[in-house]
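Following: one structure in structure tokens, then a few remarks.
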Amino acid sequence: MAKGTSLGRVRGLGSAHHGVHHWLLQRFTAVGNLLLIGFLVISFVLLPNFGYQTLTGWIGNPVVATALSLIMVNTFWHARLGLQVVAEDYFHTAGNKFAALMLMNLAVFGGAAFGLVSVARIAFGVA
């Protein structure tokens, strides 16, 4: 038994078959965020103090720098997925939707790049 109306099937309306993939990506990034933020919180609790020297030394640890970089990538990717759904749902004209998605992508990738460069500068002792 087919889903939808006869007219909808003729017009090609209905599922685009991409929702499950997007939904799974958002759930995977959410689980990744939970694990990575858990690591971050536990690491903060174990630090003796929050002075500049302590934190720069902590970020200089390769495991911590890698975890912080993963947090940047995963968090901004998760935000991008969520904002994409909002833009696709609430912007109905093609031009507005395109502009919103472009601005969102620039902001998300710019934020991730800024975070990664910041962690790299501290980890490699440039800062």
Write out all pairs satisfying side-chain hydrogen bond (donor to acceptor under 3.5 Å, both in side chains) with one or both partners inside [range], taking only residues at least two apart or from two chains.
range: residues 35-45; value: none
range: residues 101-113; value: Arg80-Asn105
range: residues 27-42; value: Thr29-His78, Asn33-Asn74, Asn33-Thr75

What residues join [X] in its hydrophobic cluster, counting side-chain heavy atom gaps under 4.5 Å, either direct or through other members?
X: Val31; answer: Leu35
X: Leu106; answer: none
X: Phe98; answer: Met102
X: Leu81; answer: Leu25, Trp77, Phe109

(message) Side-chain heavy atoms nearer than 4.5 Å, only ILVMFWY residues, links allowed to pass through others: does that put Phe50 and Ile37 together?
(response)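 Same cluster: Phe50 reaches Ile37 through Ile, Leu, Val, Met, Phe, Trp or Tyr contacts under 4.5 Å.
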(request) Tell me whether Met72 is reachable from Leu34 by hopping between hydrophobic residues (I, L, V, M, F, W, Y) whose side-chain heavy atoms are closer than 4.5 Å. (result)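 Each belongs to a different hydrophobic cluster.
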Return all side-chain donor-acceptor pairs below 3.5 angstrom for residues 61-69, not counting sequence neighbours, or 'none' if the list is empty.
from	atom 1	to	atom 2	distance (Å)
Asn61	OD1	Val63	N	3.0
Thr66	OG1	Pro62	O	2.7
Ser69	OG	Ala65	O	2.9

(request) Would you check, one step at a time, whether the test side-chain contact (heavy atoms from CB on, under 4.5 Å) holds for Leu55 with Leu47? (result) CA-CA 8 Å; Leu55 287 175; Leu47 285 175; 3.6 Å; yes
(message) Using 0.5 Å steps for rounding, measure from the CG atom of Leu40 to the CG atom of Leu36.
(response)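 If I round to the nearest 0.5 Å, the distance is 9.0 Å.
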Would you mind writing out the side-chain donor-acceptor pairs for residues 87-94 within the sub-3.5 Å range, not counting sequence neighbours?
from	atom 1	to	atom 2	distance (Å)
Glu88	OE2	Gln84	NE2	3.0
Thr93	OG1	Asn96	ND2	3.0

(message) For Gln26, give me all partners under side chain to side chain donor-acceptor pair (under 3.5 Å), at least two apart in sequence or on another chain.
(response)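 With sequence neighbours excluded, Gln26 shows a side chain to side chain donor-acceptor pair (under 3.5 Å) to no residue whatsoever.
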(request) Could you pull out all residues at least two apart from Trp58 that satisfy ring pair (Phe, Tyr, Trp, His ring centres under 6.0 Å)? (result)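 So Trp58 forms a ring pair (Phe, Tyr, Trp, His ring centres under 6.0 Å) with Phe44.
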(request) Not counting sequence neighbours, which residues clear side-chain contact (heavy atoms from CB on, under 4.5 Å) with Leu24? List them please. (result)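 For Leu24 the side-chain contact (heavy atoms from CB on, under 4.5 Å) partners, ignoring immediate neighbours, are Val20, Phe28.
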